[in-house]
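Just below is one structure, and these are the notes that go with it.
In what follows, chains are A, B, ... by sequence order, proteins preceding strands, each numbered from 1.
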Number of protein chains: 2
Amino acid sequence: MAERISDGEHAVMDVLWDESPLTAAEVAERIDPARGWSDRTVKTMLARLLAKGVLAHEEDGRRYLYRPLVARADYAARESRRLIDRLFGGRAAPLVAHLAEQDQLTAEDIAEIEALLKALKP
Amino acid sequence: MAERISDGEHAVMDVLWDESPLTAAEVAERIDPARGWSDRTVKTMLARLLAKGVLAHEEDGRRYLYRPLVARADYAARESRRLIDRLFGGRAAPLVAHLAEQDQLTAEDIAEIEALLKALKP
DNA sequence: GCTTGACGATTACGTATGTAGTCAAATAAG
DNA sequence: CTTATTTGACTACATACGTAATCGTCAAGC
């Protein structure tokens, strides 16, 4: 269940997280054209994701319909944690501090985060 | 310059970010023993990191002294950005929101982040 | 001086990943 | 019915990565 999803595979998951179930052809249509993938490549990704157990497929006549078995939020949580563990000693605050220092936070971000935190307080 | 650093390579960089320059043997000594790496493995990592241009080495007699060419903060910034782009549509606020929702923020984290943001405001 | 050990350089090998191509079966077109 | 097309299954191949082993050389002991 803790299968890693590669960068390429993630592009496929993204499509299915937005809309599912989809056929292989439909997934291929929706993949960011910037990747320039052939539909074969998409098929390969789908097969690998199935093998990893993060997708399921049900038969629909001669084709399959694919749907994610892992929620986007769960995946995001796992990856965020990985990053925080690897780069920030497992603490989230240094990550935010870092984003702030690097000017990667817009004024809007800051306002949004402050509102969020306020809501979290008892 | 935008070379990716793999998970294993990162362990080596971590050592050199803490202390440098170091010889290959010194790096090997300082690698987290939990990895159970042979010194050969460490040498391989050093060679690959050199090839990627993220380390430099200077001769010291018959050995080399290795030092990082990429700052830890720069690397952290790049990886944070990658994560945010991939998982949160490029905006930092949703990442923080996500951490909050997942209860991945301690009260301490929250206080720390609030203080930080306050300092950022004009 | 000859041997042994420390180093860097080169090579190895299995799995993951990016990126497809081929083959066979089923179906749609004619 | 025969042929072209669609679809999944299997195969391919180069590069990256994890994890070393081997080779050659130079220096330090004896």
Grab the CD-P distance between E3(A) and dT15(C) for me, whole Å please. 15 Å
Reckon S6(B) touches a base, only the sugar-phosphate, or nothing at all at heavy-atom distances under 4.0 Å? sugar-phosphate
Distance check: side-chain N/O of W37(A) vs OP1/OP2 of dG18(C), anything under 4.0 Å? no
Given E9(B), which partner from the list R48(B), K52(B), R4(B), R35(B) fulfils the salt bridge (Lys or Arg N to Asp or Glu O under 4.0 Å) test? K52(B)
For R35(A) and for H57(B), find the nucleotide of DNA chain C with the closest heavy atom, then tell me which residue's nucleotide is more 5'. H57(B)
Backbone N or O of W37(B) within a donor-acceptor pair of the T41(B) side chain at under 3.5 Å? no
Is T44(B) near enough to dG18(D) that one of its side-chain N or O atoms lies under 4.0 angstrom from OP1 or OP2? no
I need the CD1-P distance between I5(A) and dT17(C), as an integer number of Å. 10 Å
Side-chain N or O of K43(A) closer than 4.0 Å to phosphate OP1/OP2 of dT11(D): no
E58(A), CD: over 12 other non-hydrogen atoms inside 6.0 angstrom: yes
Taking atom types as they are modelled, would you say the side chain of R48(B) forms a donor-acceptor pair with the base of dT19(D) within the 3.5 Å cutoff? yes
Counting only side-chain N and O atoms of T23(B), is one of them less than 4.0 Å from OP1 or OP2 of dC7(C)? no
Output the rounded distance in Å from CG (L49(A)) to P (dT17(C)). 10 Å
For A25(B) and A47(B), take the nucleotide of DNA chain C holding the closest heavy atom to each; which residue's nucleotide lies nearer the 5' end? A25(B)
From the options dG8(C), dA20(D), dG18(D), select the nucleotide whose nearest atom is closest to the side chain of S38(B). dA20(D)
Can you tell me how far apart CD (E29(A)) and OG1 (T23(A)) are? Round to the nearest 0.5 Å. 7.0 Å
For a quick check, tell me whether the side chain of R40(A) and the base of dT22(C) share a donor-acceptor pair closer than 3.5 Å. yes
Whole-Å gap separating P (dG8(C)) and CD (E59(B)): 10 Å
Under-3.5 Å donor-acceptor pair between R62(B) side chain and dA6(C) base: yes
Y64(B) side chain N/O closer than 4.0 Å to the phosphate oxygens (OP1, OP2) of dA9(C)? yes
Length of the CG-C1' vector between D39(A) and dA9(D), whole Å: 15 Å
Between L22(B) (CG) and dC7(C) (P), how many Å, whole number? 13 Å
What is the distance, to the nearest angstrom, from the CE atom on M45(B) to the P atom on dC7(C)? 20 Å
Is it the case that one hydrophobic cluster holds both L65(A) and L46(A), taking links as side-chain heavy atoms less than 4.5 Å apart, direct or via other members? no
How would you label the contact of A24(B) with the nucleic acid (heavy atoms, under 4.0 Å): base, sugar-phosphate, or nothing? sugar-phosphate
To the nearest 0.5 Å, atom CD1 of I31(A) lies from atom CG of D14(A) at 8.5 Å
Can you check the L46(B) CG to dG8(C) C1' distance for me, whole Å? 11 Å
